[in-house]
Amino acid sequence: MGCALYALAFNWCFQPNHFAFGGLTGAAQILNRLLPALPVGVTVFVMNVPLFILGVRKMGLRLLVSSICAMTVSSAMIDLMDAFYTFAPMEPMLACIYGGVLLGLSMGLMMRVGATTGGTELGARLLKYRLRYLSIGKLCLAIDVSIIVLYALVFRSVNNALYGIVAMYISTLVMDMVVYGSVSAKMAYIISDRSDQVVEQLLERDMGVTILPGQGAYTGKDKKIVLCAFKPRQIAAVKGIVRQVDPGAFIIVCDAHEILGEGFGENSPDSL
């Protein structure tokens, strides 16, 4: 499915409108312009080799097999789709939006099963080991934008490069949503004079609860602050419990981008 969406994005939105695609393909196009003796296809393959070697060392042989499969299938689908139907150019902004959504969805789906189409995604996947604080989408965007800017300078095609940057930005948002989820969890700080009863009710629902020491700034009284992490669908139950036990309780509900640990995600060196 990821390969099919990748081929559709390329044939429907990027190729007919001649948008800068970024990645190693864009880098190969730049090198071919500067050194015409270097074929684009061969250059892309050669640049992918060191990335795959590093990838196998970091993530094992499975990455090589799955990524070669993804590259082969996506390339075959691009050619097969192009042989049966040629898409006409569309309004550039529509192509940016829909091309970005399809591209981000396709790359996100492939990354969730440990595959890439090589190039930008694999490079970003390897950089993630060093730059853990950046999402996989932001790393892809940084690489793609750098190559697209060079593409614009070399080919003197500013408009197509600008459209390509917009499409890449949209694709990174969609990719991060597919890989990480829009809002994976929520957390609540509950300040109540009946915190023990609130904790008892939450534990009966098998929710993770932590008690933090606190002090009222106005009264100076010691208080127990209940910290509870839960899935978005459980927010009504949490608020219902607190309202039933102590209608005057103070609740702060926050979005948690990612929670790792028992009942939530797994924290491993290879996690995205």
Side-chain angles (χ1 to χ4, degrees), residues 1-27 44 48 51 55 63 66-67 69-78 81-82 87 89-128 131-149 151-152 160-184 255 257-258 265 270-272:
M1 179 62 72
C3 291
L5 292 174
Y6 186 90
L8 181 61
F10 185 82
N11 284 333
W12 182 31
C13 302
F14 285 88
Q15 182 67 13
N17 291 278
H18 305 290
F19 289 162
F21 201 66
L24 292 188
T25 301
V44 171
N48 262 312
L51 286 177
L63 171 79
S66 60
S67 296
C69 178
M71 282 195 301
T72 304
V73 174
S74 61
S75 298
M77 284 187 169
I78 287 173
M81 195 178 297
D82 186 57
F87 290 93
M90 69 171 76
E91 202 282 322
M93 190 51 66
L94 288 177
C96 282
I97 295 171
Y98 287 101
V101 170
L102 289 172
L103 184 62
L105 186 58
S106 69
M107 291 191 296
L109 288 173
M110 284 188 271
M111 283 191 173
R112 288 193 63 158
V113 295
T116 73
T117 56
T120 301
E121 304 94 88
L122 182 54
R125 187 71 183 83
L126 294 171
L127 284 174
K128 182 71 176 173
L131 305 173
R132 302 294 299 179
Y133 55 90
L134 291 177
S135 70
I136 197 74
K138 287 184 174 64
L139 290 170
C140 282
L141 180 63
I143 297 171
D144 282 329
V145 167
S146 301
I147 293 173
I148 288 174
V149 169
Y151 183 98
N160 287 351
L162 291 176
Y163 282 126
I165 290 174
V166 172
M168 289 298 121
Y169 179 70
I170 294 173
S171 73
T172 60
L173 296 179
V174 176
M175 186 197 311
D176 281 346
M177 189 176 295
V178 173
V179 173
Y180 302 111
S182 54
V183 177
S184 59
D255 289 333
H257 177 68
E258 188 174 17
D270 292 329
S271 61
L272 294 170

Closest non-hydrogen atoms of V178 and L105, given as atom of the first, atom of the second and distance, are CG2-CD1, 3.6 Å
If every non-hydrogen atom of A152 is compared with every non-hydrogen atom of A161, which pair is closest and at what distance?
CB-CB, 3.4 Å
Got a second to check how far I165's CD1 is from C96's SG, nearest 0.5 Å?
10.0 Å
May I ask you to check whether over 12 heavy atoms, not counting those of Y98, lie within 6.0 Å of atom OH?
no
Taking all non-hydrogen atoms of both residues into account, name the closest pair between A95 and C13 and its distance.
O-CB, 3.6 Å
Classify the angle between the aromatic ring planes of F14 and F19 as parallel (below 30°), tilted (30 to 60°) or perpendicular (above 60°).
perpendicular
Tell me, do N17 and M90 make a side-chain contact under 4.5 Å, heavy atoms counted?
yes
Between atom CG of N11 and atom CG of L102, what is the distance when rounded to the nearest 0.5 Å?
11.5 Å
To the nearest 0.5 Å, what is the distance between CE on M177 and OG1 on T172?
10.5 Å
Taking all non-hydrogen atoms of both residues, which atom of L127 and which atom of I143 are closest, and how far apart?
CD1-CD1, 4.0 Å
Gap between atom OG of S106 and atom CE of M77 - 0.5 Å precision
11.5 Å
For side-chain contact (heavy atoms from CB on, under 4.5 Å), just list the numbers for F87 and M81, CA-CA rounded to whole Å, side-chain angles, deciding distance to a tenth of an Å, and then say yes or no.
CA-CA 10 Å; F87 290 93; M81 195 178 297; 4.2 Å; yes
Approximate separation, where rounding is to 0.5 Å, of L103 CG and L8 CG:
11.0 Å
When every non-hydrogen atom of V73 is compared with those of C3, the smallest separation belongs to CG1-CB, 3.7 Å
L109 side, atom CG; M175 side, atom CE - distance, nearest 0.5 Å
11.0 Å
